[in-house]
Amino acid sequence: MDKLKLYRQAIKAVLKDYANLSPSKDELLTQLIFDDEGGHYQLMYVGWDRGTRVYGVIIHIDLINGKAWLQYNGTEFDIAKELMAQGVEREDIVLGFYPKSTRKYTDYAIT
């Protein structure tokens with residue numbers, strides 16, 4: 001299978017798994033946003049929870065130059081590990097939420 005196609009499927013599978021952990025309620029929606037053409041993938045919450053406005057991205061992953069860039073992880077879980085379990089190679093994962101100077105100390109790609 002084409003590597004990009006595999007990575008798109010892997011990212012979507014991971015985001016869908018996390019979306020299922022916190023399904024939508026009456027006033028709080030869990031939204032999956034997939035942009036295959038642009039290579040952008042997000043899980044976000046939109047709505048109200050007990051009178052408080054909730055709007056924000058929970059997980060954001062981009063596909064840039066054949067690599068999965070984890071741009072934001074608002075969970076306590078290791079999303080990079082989940083991506084590897086779905087077939088994304090460690091050297092094709094970038095922890096984009098760390099500065100470039102810090103990424104060299106991770107076991108993942110720098111760019």
Side-chain angles (χ1 to χ4, degrees):
M1 177 187 298
D2 172 291
K3 189 167 93 171
L4 275 182
K5 186 175 181 180
L6 172 71
Y7 287 4
R8 285 185 192 114
Q9 289 177 349
I11 291 168
K12 290 176 184 177
V14 168
L15 293 180
K16 286 178 182 176
D17 285 347
Y18 283 95
N20 288 331
L21 291 176
S22 54
S24 296
K25 302 174 187 171
D26 287 343
E27 294 187 32
L28 181 61
L29 302 176
T30 301
Q31 295 184 347
L32 291 168
I33 300 171
F34 299 154
D35 172 13
D36 284 333
E37 187 174 323
H40 310 292
Y41 304 89
Q42 294 182 350
L43 166 68
M44 63 183 304
Y45 295 146
V46 177
W48 293 88
D49 185 22
R50 291 172 272 169
T52 300
R53 178 70 177 162
V54 177
Y55 180 88
V57 174
I58 307 304
I59 302 170
H60 176 175
I61 303 170
D62 288 330
L63 278 174
I64 302 172
N65 296 326
K67 294 186 179 180
W69 281 69
L70 186 52
Q71 304 285 18
Y72 182 75
N73 179 7
T75 75
E76 60 189 37
F77 301 103
D78 187 342
I79 302 300
K81 186 176 177 182
E82 299 293 329
L83 289 171
M84 288 190 302
Q86 291 289 331
V88 179
E89 297 178 28
R90 178 182 291 274
E91 58 269 16
D92 288 339
I93 296 173
V94 179
L95 303 181
F97 49 80
Y98 288 138
K100 188 174 180 180
S101 61
T102 302
R103 286 183 224 140
K104 64 185 173 188
Y105 301 111
T106 72
D107 290 334
Y108 298 98
I110 297 172
T111 58

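These numbers come from a predicted model, not from an experiment. Keep in mind that the numbers below use all heavy atoms, side chains included, and drop hydrogens, waters and symmetry copies.
- Between Thr111 and Arg103 the shortest side-chain heavy-atom distance falls below 4.5 Å.
- Both Leu21 and Leu83 sit in one connected hydrophobic cluster of ILVMFWY residues. Membership requires side-chain heavy atoms under 4.5 Å apart, directly or through other members.
- Residues Ile33 and Met44 come closest through the heavy atom pair CD1-SD, 3.4 Å.
- Using a 4.5 Å heavy-atom cutoff, the side chains of Ile110 and Lys100 are in contact.
- If you take CG on Leu15 and CD1 on Ile58, they are separated by 11.0 Å, rounding to the nearest 0.5 Å.
- To the nearest 0.5 Å, atoms CZ (Phe34) and CD (Gln42) are separated by 10.5 Å.
- Note that CG of Leu43 and OH of Tyr72 are 11.0 Å apart. Values are rounded to the nearest 0.5 Å.
- Both Ile59 and Val54 belong to a common hydrophobic cluster when Ile, Leu, Val, Met, Phe, Trp and Tyr are linked at side-chain heavy-atom distances under 4.5 angstrom.
- Within a 6.0 Å sphere centred on CG of Asn20, heavy atoms belonging to other residues, nucleotides or ligands number more than 12.
- Taking CD1 of Ile79 as the start and CG of Leu95 as the end, the distance is 11.0 Å to the nearest 0.5 Å.
- The heavy-atom pair separating Tyr41 from Arg8 by the smallest distance is OH-CG, 3.2 Å.
- Between Phe77 and Tyr18, the ring-plane angle classifies as tilted under the 30° and 60° cut-offs.
- A 4.5 Å side-chain heavy-atom check between Lys3 and Asp92 finds at least one atom pair inside the cut-off.
- A distance of 9.0 Å separates CG of Leu70 from OH of Tyr108, quoted to the nearest 0.5 Å.
- When side chains are defined from C-beta on, Met84 does not count as touching Asp78, because their heavy atoms never get closer than 4.5 Å.
- Annotation: side chain of Phe97 is not in contact with side chain of His60 (no heavy-atom distance under 4.5 Å).
- To the nearest 0.5 Å, atom NZ of residue Lys12 and atom CG of residue Leu32 are 10.5 Å apart.
- Within 6.0 Å of atom CG in Asp2, more than 12 heavy atoms from other residues, nucleotides or ligands are found, so the atom counts as buried in its surroundings.
- Taking 4.5 Å as the limit, every side-chain heavy atom of Ile64 sits out of range of all side-chain heavy atoms of Val94.
- Shortest non-hydrogen contact noted between Ala68 and Ile11 is CB-CD1, 4.3 Å.
- Considering all non-hydrogen atoms of both residues, Ile93 and Ala80 come closest at CD1-O, 3.6 Å.
- For the pair Tyr45/Thr30, a side-chain contact is recorded, criterion being any heavy-atom separation below 4.5 Å from C-beta on.
- Under the 4.5 Å side-chain heavy-atom criterion for Ile, Leu, Val, Met, Phe, Trp and Tyr, Tyr105 and Trp69 are members of distinct hydrophobic clusters.
- Taking both residues in full, the closest heavy atoms of Ala13 and Gln86 are given as CB-OE1, 3.7 Å, listed atom of the first, atom of the second, then distance.
- Put simply, Leu63 and Leu6 are part of the same group of oily side chains (I, L, V, M, F, W, Y) that touch within less than 4.5 Å, one to the next.
- In this structure, Val46 and Arg53 have side chains that are in contact, with non-hydrogen atoms separated by less than 4.5 Å.
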